[in-house]
Amino acid sequence: MQEETNQRAAFDPLYWEKLSKVHPTDVCNRTEAIYNPSKEGFVLPVYNLRYLIVPKIKKILRLEWNDQTVEEDLPQFFHLMVLVYLTEAKDIKPTYTWISEKDLKGGSTFFRGLHRLQVDELENLFGRDPDAFLKAGARLGGSKILYGDKGFCLEVFPKVPLAYILWKGDEEFPPRIGVLFDSTIESHFALDVIWCMVAETNRRLAAFSASQ
């Protein structure tokens, strides 16, 4: 897994370079980011927060409510998915038609072994506590949807919604959490970036559980 993370890190300079060469108007039209000329960067909603992406200095900074910037120790997965979104996302709207990873082209083969969608920690944290599950989703900007026993949809990016579904289980079956994608997801991301996005979302949901 560490080797795979290092390989992803090596792609960062390529995406930064590509972003620096794309006209800001094109980026904003495709992604719904807003270009800030004074800061020479793109303001992009990610989860329930705003981030400033500055190609000139190759940094992603969180924006506070008063537009002050905060430098966070952001995981490599987060950098990759943000840069890919800004450089690769298409000018199409989400359908909110939900599909699983097995419905993606090559998904049933890719999302296995090390690449399976690792929701075990979330199942341990929230499987017996549906209210905490919904609360964690809400803190990421999610809204309740009628799937499973409990479910929420959140906007990872303006054009990339993601859904988490909880089945509470019973005496025979343990609780289970599933991840669903908008039917347009493959227009924006390759399978490995989808995996990164789910891993980062899982991390943030788990962190909210620890802070409750």
Side-chain angles (χ1 to χ4, degrees), residues 5 7-37 39-63 72 74-101 103-107 110-111 115 117 137 140-143 145 152-164 179-204:
T5 301
Q7 289 174 346
R8 290 193 180 97
F11 285 110
D12 267 16
L14 299 177
Y15 285 114
W16 279 117
E17 182 180 2
K18 183 173 182 178
L19 181 59
S20 68
K21 292 180 178 179
V22 181
H23 196 283
T25 301
D26 174 62
V27 175
C28 295
N29 286 343
R30 289 184 295 100
T31 68
E32 296 187 17
I34 297 173
Y35 188 69
N36 186 318
K39 296 183 182 295
E40 299 184 88
F42 299 94
V43 178
L44 179 67
V46 189
Y47 298 112
N48 204 25
L49 300 167
R50 292 184 306 148
Y51 287 89
L52 176 69
I53 299 93
V54 188
K56 186 176 181 179
I57 58 174
K58 296 182 175 61
K59 281 192 175 182
I60 299 177
L61 306 168
R62 194 180 80 242
L63 277 175
E72 290 183 307
L74 296 166
Q76 192 63 42
F77 292 158
F78 184 82
H79 281 81
L80 180 64
M81 69 189 216
V82 167
L83 292 174
V84 172
Y85 180 74
L86 289 175
T87 55
E88 305 291 342
K90 304 300 185 295
D91 185 15
I92 55 176
K93 295 184 180 298
T95 63
Y96 295 97
T97 299
W98 301 110
I99 60 176
S100 76
E101 72 275 15
D103 297 313
L104 302 174
K105 186 176 181 180
F110 180 85
F111 292 105
H115 286 130
L117 300 180
L140 277 187
S143 55
I145 58 175
F152 60 82
C153 163
L154 57 90
E155 308 291 328
V156 178
F157 299 107
K159 294 187 176 181
V160 182
L162 193 62
Y164 277 72
V179 184
L180 297 177
F181 307 95
D182 190 82
S183 63
T184 61
I185 186 66
E186 291 175 286
S187 299
H188 306 300
F189 292 153
L191 297 180
D192 59 339
V193 182
I194 293 173
W195 184 89
C196 288
M197 179 179 66
V198 173
E200 175 63 8
T201 308
N202 291 351
R203 183 187 72 84
R204 292 182 179 236

Spacing of CG belonging to L61 relative to CD belonging to E72, to within rounding of 0.5 Å | 9.0 Å

Okay, side chain of N29, backbone of T25: is any donor-acceptor separation there less than 3.5 Å?
-> yes

side-chain contact (heavy atoms from CB on, under 4.5 Å) partners for S143, two or more places apart = none

Applying side chain to side chain donor-acceptor pair (under 3.5 Å), which residue pairs with at least one partner in residues 77-88 are found, sequence neighbours left out?
-> K18-E88

Tell me, please, which residues at least two apart from K90 pass salt bridge (charged side-chain N to carboxylate O under 4.0 Å, His left out).
-> none

Could you pull out all residues at least two apart from K93 that satisfy side-chain contact (heavy atoms from CB on, under 4.5 Å)?
-> none

Which atom pair, heavy atoms only, marks the closest approach of A33 to L44?
-> CB-CD1, 4.0 Å

Listed by chain and number, what are the side-chain contact (heavy atoms from CB on, under 4.5 Å) partners of D91, not counting sequence neighbours?
-> R30, K159

Hits for side-chain contact (heavy atoms from CB on, under 4.5 Å) against K58, two or more places apart or cross-chain, chain-then-number order -> W16

Are more than 12 heavy atoms from other residues, nucleotides or ligands located less than 6.0 Å from atom CD1 of I34?
-> no

Residue set satisfying salt bridge (charged side-chain N to carboxylate O under 4.0 Å, His left out) with K56, at least two apart, ordered chain then number -> E40

Among all residues two or more places apart in sequence or in another chain, which pass the salt bridge (charged side-chain N to carboxylate O under 4.0 Å, His left out) test with E200?
-> R203, R204

For F111, the ring pair (Phe, Tyr, Trp, His ring centres under 6.0 Å) test, sequence neighbours excluded, returns none

Residues forming a ring pair (Phe, Tyr, Trp, His ring centres under 6.0 Å) with F42, sequence neighbours excluded = Y35

Proximity of F78 and Y51 rings by center, below 6.0 Å = yes

Taking the side chain from W195 and the backbone from H115, do they hold a donor-acceptor pair closer than 3.5 Å?
-> yes

Flag for T95-S183: side-chain donor and acceptor within less than 3.5 Å | yes

Pairs involving residues 41-53, ordered by first then second residue, that meet salt bridge (Lys or Arg N to Asp or Glu O under 4.0 Å) (sequence neighbours left out) | R50-D67

D103: partners by salt bridge (charged side-chain N to carboxylate O under 4.0 Å, His left out), with sequence neighbours left out | none

OH (Y15) and CG (L83) are apart, to the nearest 0.5 Å, by 9.0 Å

Any donor-acceptor N/O pair, D182 side chain to P94 backbone, under 3.5 Å | no

